[in-house]
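A quick write-up on the structure given underneath.
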Amino acid sequence: MSLSTAKDLKSMDFEAFKSEVLNDYKIAFESRQASLLGRKEVLTGKAKFGIFGDGKEVAQIAMAKAFKHGDTRSGYYRDQTFMFATGMNTVQQFFAQLYAHTDVEAEPNSGGRSMNGHFGSRLLDENGNWLPQTDRFNSSSDISPTAGQMPRLLGLALASKLYRQNPELHQYTDFSNKGNEVAFGTIGNASTSEGGFWEVINAAGVLQVPMVMSVWDDGYGISVPAKYQTTKENISTILKGFNSDENGVGVDIYNAKGWDYAELCRVYQEAVEHSRTNHRPVLIHVNEVTQPQGHSTSGSHERYKSKERLQWETDFDCIKKMREWIEENKLANAEELDKIESDAIQFVNDSKKKAWEAYLAPLKQDIAEVISVLEQFSHTSAQEAINDLKSTKDAIRKDIGMAINKVLIATIGEDSPERQALKNYYSNFLNKNFERYSSHLHSQSSNSVDAVAEIKAEFNEDKMVDGREVVLACFDAALGRDPRVFAFGEDVGTIGDVNQGFAGMQEKYGEIRVSDTGIRELSIIGQGIGAAMRGLRPIAEIQYLDYLLYAIQIMSDDIATLQYRTKGGQKAPIIIRTRGHRLEGIWHSGSPMGMIIHAVRGMHVCVPRNMTQAAGMYNLLLKADEPALVVECLNGYRLKEKMPSNIGEFTVPLGQPEILQEGSDVTIVSYGSTLRVIQDAIKKLSAIGISCELIDVQTLLPFDSKHSIVESLKKTNKVVFIDEDVPGGATSFMMQKVLEEQNGYNYLDAKPLTITAKAHRPAYGTDGDYFSKPNAEDIFIAIYNMMHDYAPARFPEF
Ligand SMILES: Cc1ncc(C[n+]2csc(CCOP(=O)(O)OP(=O)(O)O)c2C)c(N)n1
Ligand SMILES: [Mg+2]
């Protein structure tokens, strides 16, 4: 479609103008039809859930007109019209998602993984490499948590600022044309109640980034009206203080009515132009929006909207209003418009049918195939299974799985070639469905962390330096080597972070590369996510591990799911740097590693014991294309380490434990700051003849990819897992990995142990720490008792 602006519309000749308007009407009308038919598909059982963009069509047509190649969207489930108008989705693809078609050609948003209305364009090719972004329209991939699109939006907009202000980035023309791209956000009125919305609006005002935020305001959030959502029931009224004025630049606020095509085109044109040219965040409050079919297929809006409201929604339906406007302005008569509408109905119907047939075709093929395998089987259960499959209307893969399993259960003990053939078929079937439903938790590209070659650290001289100087030298090398690398966080800029890991880096590389942020952990991470999606290499710092909780939601919902939810269509190789485990008090010495690793499967989680290991992990991560969290040891910055001579190059591979000390009686598995405490205990144990093998896992995710720890158990036949997390935290995870996954239970002569911190947060002060966290004495006693149980004669009661 043509994407001329409202200004262009005026200068166009009448025929071109008319044809553009009618094309807009056609798209809006088709989108409405898609909503109406989509809902029917759910109600008749062909799809499981539906949420649609009815009532928002005209505003999105206007937004699409201002959207240019290279721009990016971060929005939510109401945006189908925008996706149609920009060509990022076809109507057929929209229905393919409704049916959960698992082919990314048919369903490019998510390969059938996300429910309908969760949009996203393919930013990667089938090998996981970046596609160009500047020659096309882009959409980041939607998530369901309301306002979850906000943090990422900030980073998408910030990337333009970096690309504009740092001339060294001008070479990356696939990602940006000198920062002229705008990031478009959309959000529902009720979702502006979320903290993330306010955090990002404020941060965008501080950062002055090209972000165009649209609020689709239908007065409700499911059933809850604006009265309970928004002060003064009006988001743009209360945002007025953000407007640029004599006190400075801010976020400029615009208003438009959701049914007023001409006004919407004008406002979008003006607001987006302002944002693009001046790199200014703007917010467009699109008011008087309707939701003709109610919130979703889960219920009807007659339950909570008054008769008057329902009547108003009918009268001010944007498509009805647009049609009236076209007729009033004599751009088309009723007959022409009727024709557009009937063609649109036909087109959407056809698209829906094609999507359904395309969705069914591979299923039918799978069913025919399994039936032919089952037909080889003489057992009665096979005939029953065939009958079940044949009699199930629109059978799905679950039915196939159930049918095969039923036959295998009925024929347990039968050793026939037919049964073997069915077992083979079953395992093939499970593999194919693993690919369909479980692939791409991590990068499968040639830049995955596993693909990066190991380069060992080298040491020319024995000079010892403070640990913080090692990470500093690593960051200095990274910033010097690659203009895409930039770092930011609280106190990262002027003072170079609270522990001086970036000391002097802002002076050396400029404020655009090394910067301070406000205290806003959620959007610090979002800043990194969006920038990483536009080809940059952000190092986002969270000052202390204890404050990662403010960001864990977006790490879990957005970063960790990104590759998975797009079936390899998008990536955000952000590095999150933080420090933790041990220092002082309830909020400066937490080590909630179990909580973190359970929340962020899909990311890597590194727990380096010292700054040299940390530096090697940063070097590796910067060569790879995957997101990771690195938790440095808070009490390690002043400990002395040797400076590697190849500080910018050496890598520490992920998922490879290191044996720090060899021993023969007990295997101790741990990581991070605790290792130093364990080393004290080991000395005491060794003095009385207990030999410990100490293993540093180095990374919790991935965990010991080559199953090396079990080798130690084969020798010691005893294992202890130690950390500073709560009981049953990350130690239980390590235990499951070693005993179950690596079959370590086979080699045990003693009950496996975990030694952890107490269930409460650590108390303040040296004694608080001593009695809250595992100490050398606790560890000594626990391991001694283990040896006593095993060999009481040699090791009498403690
Ligand atoms: C964090 C979170 N809380 C609750 C929900 C459930 N939920 C989905 S949509 C919605 C209402 C959103 O209303 P609004 O932002 O006005 O968007 P609209 O649907 O009206 O366009 C709610 C509560 C959710 N998805 N995420
Ligand atoms: Mg709403």
Side-chain angles (χ1 to χ4, degrees), residues 31-32 35 38-39 42 48-60 63 73-83 114-119 141-153 185-201 213-231 233-236 238-239 257-259 283-301 303-305 309-310 312-313 316-318 522-523 526 549-558 561 565 599:
S31 179
R32 176 64 60 87
S35 299
R39 184 175 172 88
V42 177
K48 295 210 77 173
F49 176 79
I51 191 150
F52 302 103
D54 43 319
K56 329 284 179 289
E57 293 91 348
V58 175
Q60 290 177 28
M63 178 164 120
R73 162 190 172 277
S74 180
Y76 81 118
Y77 50 77
R78 298 286 179 212
D79 294 346
Q80 70 198 45
T81 314
F82 178 76
M83 295 302 284
S114 263
M115 61 166 57
N116 93 306
H118 287 60
F119 304 108
S141 155
D142 297 355
I143 61 177
S144 294
T146 51
Q149 66 274 38
M150 296 297 303
R152 178 190 337 125
L153 174 66
T186 69
I187 195 167
N189 58 299
S191 301
T192 65
S193 309
E194 293 279 10
F197 171 81
W198 292 92
E199 191 178 313
V200 167
I201 292 295
M213 185 73 229
S214 296
V215 182
W216 311 142
D217 188 349
D218 70 331
Y220 287 85
I222 310 187
S223 65
V224 183
K227 182 175 146 198
Y228 298 110
Q229 300 282 3
T230 309
T231 307
E233 301 184 37
N234 189 315
I235 191 68
S236 53
I238 57 172
L239 282 168
K257 289 177 287 297
W259 48 266
L283 181 136
I284 304 174
H285 182 194
V286 181
N287 223 318
E288 300 192 23
V289 167
T290 69
Q291 207 146 277
Q293 300 192 108
H295 178 75
S296 72
T297 50
S298 296
S300 76
H301 58 161
R303 287 175 300 162
Y304 50 81
K305 286 181 188 164
R309 170 76 196 186
L310 289 166
W312 178 85
E313 291 206 14
F316 283 82
D317 186 297
C318 63
L522 172 72
S523 59
L549 266 77
Y550 275 71
I552 197 84
Q553 176 262 325
I554 211 65
M555 289 166 62
S556 183
D557 284 324
D558 200 355
T561 64
R565 73 179 192 265

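The basis for the numbers below is simple: all heavy atoms, side chains too, and nothing from hydrogens, waters or symmetry mates. Atoms within each ligand, like the ligands themselves, are counted from 1 in listed order.
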Decide yes or no on salt bridge (charged side-chain N to carboxylate O under 4.0 Å, His left out) for D317 and R32, but give the supporting numbers first.
-> CA-CA 11 Å; D317 186 297; R32 176 64 60 87; 2.7 Å; yes
Polar side-chain atom of T297 near backbone of F49 as donor-acceptor pair, under 3.5 Å | no
Return a yes/no value for A190: is any of its N or O atoms, backbone included, closer than 3.5 angstrom to an N or O of ligand 1?
-> yes
Around atom 25 (N) of ligand 1, find the nearest protein heavy atom and jot down its residue, atom name and distance.
-> S144 O, 3.0 Å
Anything under 30° is parallel, anything over 60° is perpendicular, the rest tilted; go ahead and classify W312 against F316.
-> parallel
Does the distance from a Lys or Arg side-chain N to an Asp or Glu carboxylate O, for D142 and R78, drop under 4.0 Å?
-> no
Side chain to side chain contact (heavy atoms under 4.5 Å, CB included) between W198 and L239, intermediate numbers included | CA-CA 10 Å; W198 292 92; L239 282 168; 3.5 Å; yes
Under 3.5 Å: donor-acceptor pair, side chain of R152, backbone of S141 = yes
Numbered in order shown, the ligand 1 atoms found under 4.0 Å of a heavy atom of G188 are 14 (P), 15 (O), 16 (O), 17 (O)
Return the residue, atom name and 0.1 Å-rounded distance of the protein heavy atom closest to atom 9 (S) of ligand 1.
-> Y77 OH, 2.8 Å
For atom 4 (C) of ligand 1, what is the nearest protein heavy atom, given as residue, atom name and distance?
-> T146 OG1, 4.4 Å
Considering heavy atoms of the protein only, find what lies nearest to atom 23 (C) of ligand 1 and give residue, atom and distance to 0.1 Å.
-> I222 CD1, 3.8 Å
With distance as the sole test, does D558 use its side chain to make a donor-acceptor pair with the main-chain N or O of Q149 at under 3.5 Å?
-> no
Polar protein atoms near the Mg ion (ligand 2) [N, O or S; cut-off under 2.8 Å] = N189 OD1, D218 OD1, Y220 O
At what distance is the nearest protein heavy atom to atom 21 (O) of ligand 1, and which residue and atom is it?
-> Y76 OH, 2.7 Å
Worked check of side chain to side chain contact (heavy atoms under 4.5 Å, CB included) between Q293 and F52 | CA-CA 8 Å; Q293 300 192 108; F52 302 103; 4.0 Å; yes
Shortest protein contact, atom 15 (O) of ligand 1 (heavy atom only) | S191 OG, 2.5 Å
Worked check of side-chain hydrogen bond (donor to acceptor under 3.5 Å, both in side chains) between E199 and S523 | CA-CA 7 Å; E199 191 178 313; S523 59; 2.7 Å; yes
For R78, atoms of ligand 1 separated by under 4.0 Å from a heavy atom | 18 (P), 19 (O), 21 (O)
Starting from atom 13 (O) of ligand 1, find the nearest protein heavy-atom neighbour and note its residue, name and distance.
-> G221 CA, 3.3 Å
Does the protein put a heavy atom less than 4.0 Å from atom 6 (C) of ligand 1?
-> no
Is the closest N or O pair between E194 and ligand 1 shorter than 3.5 Å?
-> no
Between F82 and F119, is a ring-ring contact (aromatic ring centres under 6.0 Å, His included) present by the stated rule, with each step listed?
-> CA-CA 10 Å; F82 178 76; F119 304 108; 9.3 Å; no
Would you say T290 and W259 make side-chain contact, with heavy atoms under 4.5 Å?
-> no
May I ask you to list the atoms of ligand 1 that are less than 4.0 angstrom from any heavy atom of D218?
-> 20 (O)
Mind checking salt bridge (charged side-chain N to carboxylate O under 4.0 Å, His left out) for D557 and listing every partner two or more places apart, or none if nothing turns up?
-> none
Considering distance alone, does some N or O of K56 sit under 3.5 Å from an N or O of ligand 1?
-> no
Would you check if the side chain of T186 reaches a backbone N or O of S214 as a donor-acceptor pair within less than 3.5 Å?
-> no
T192 vs I201 side-chain heavy atoms within contact, under 4.5 Å | no
Mark up the atoms of ligand 1 that fall under 4.0 Å of a heavy atom belonging to N189, in ascending order.
-> 15 (O), 16 (O)
Honestly, for W216 the part within reach of ligand 1 (heavy atoms, under 4.0 Å) is neither
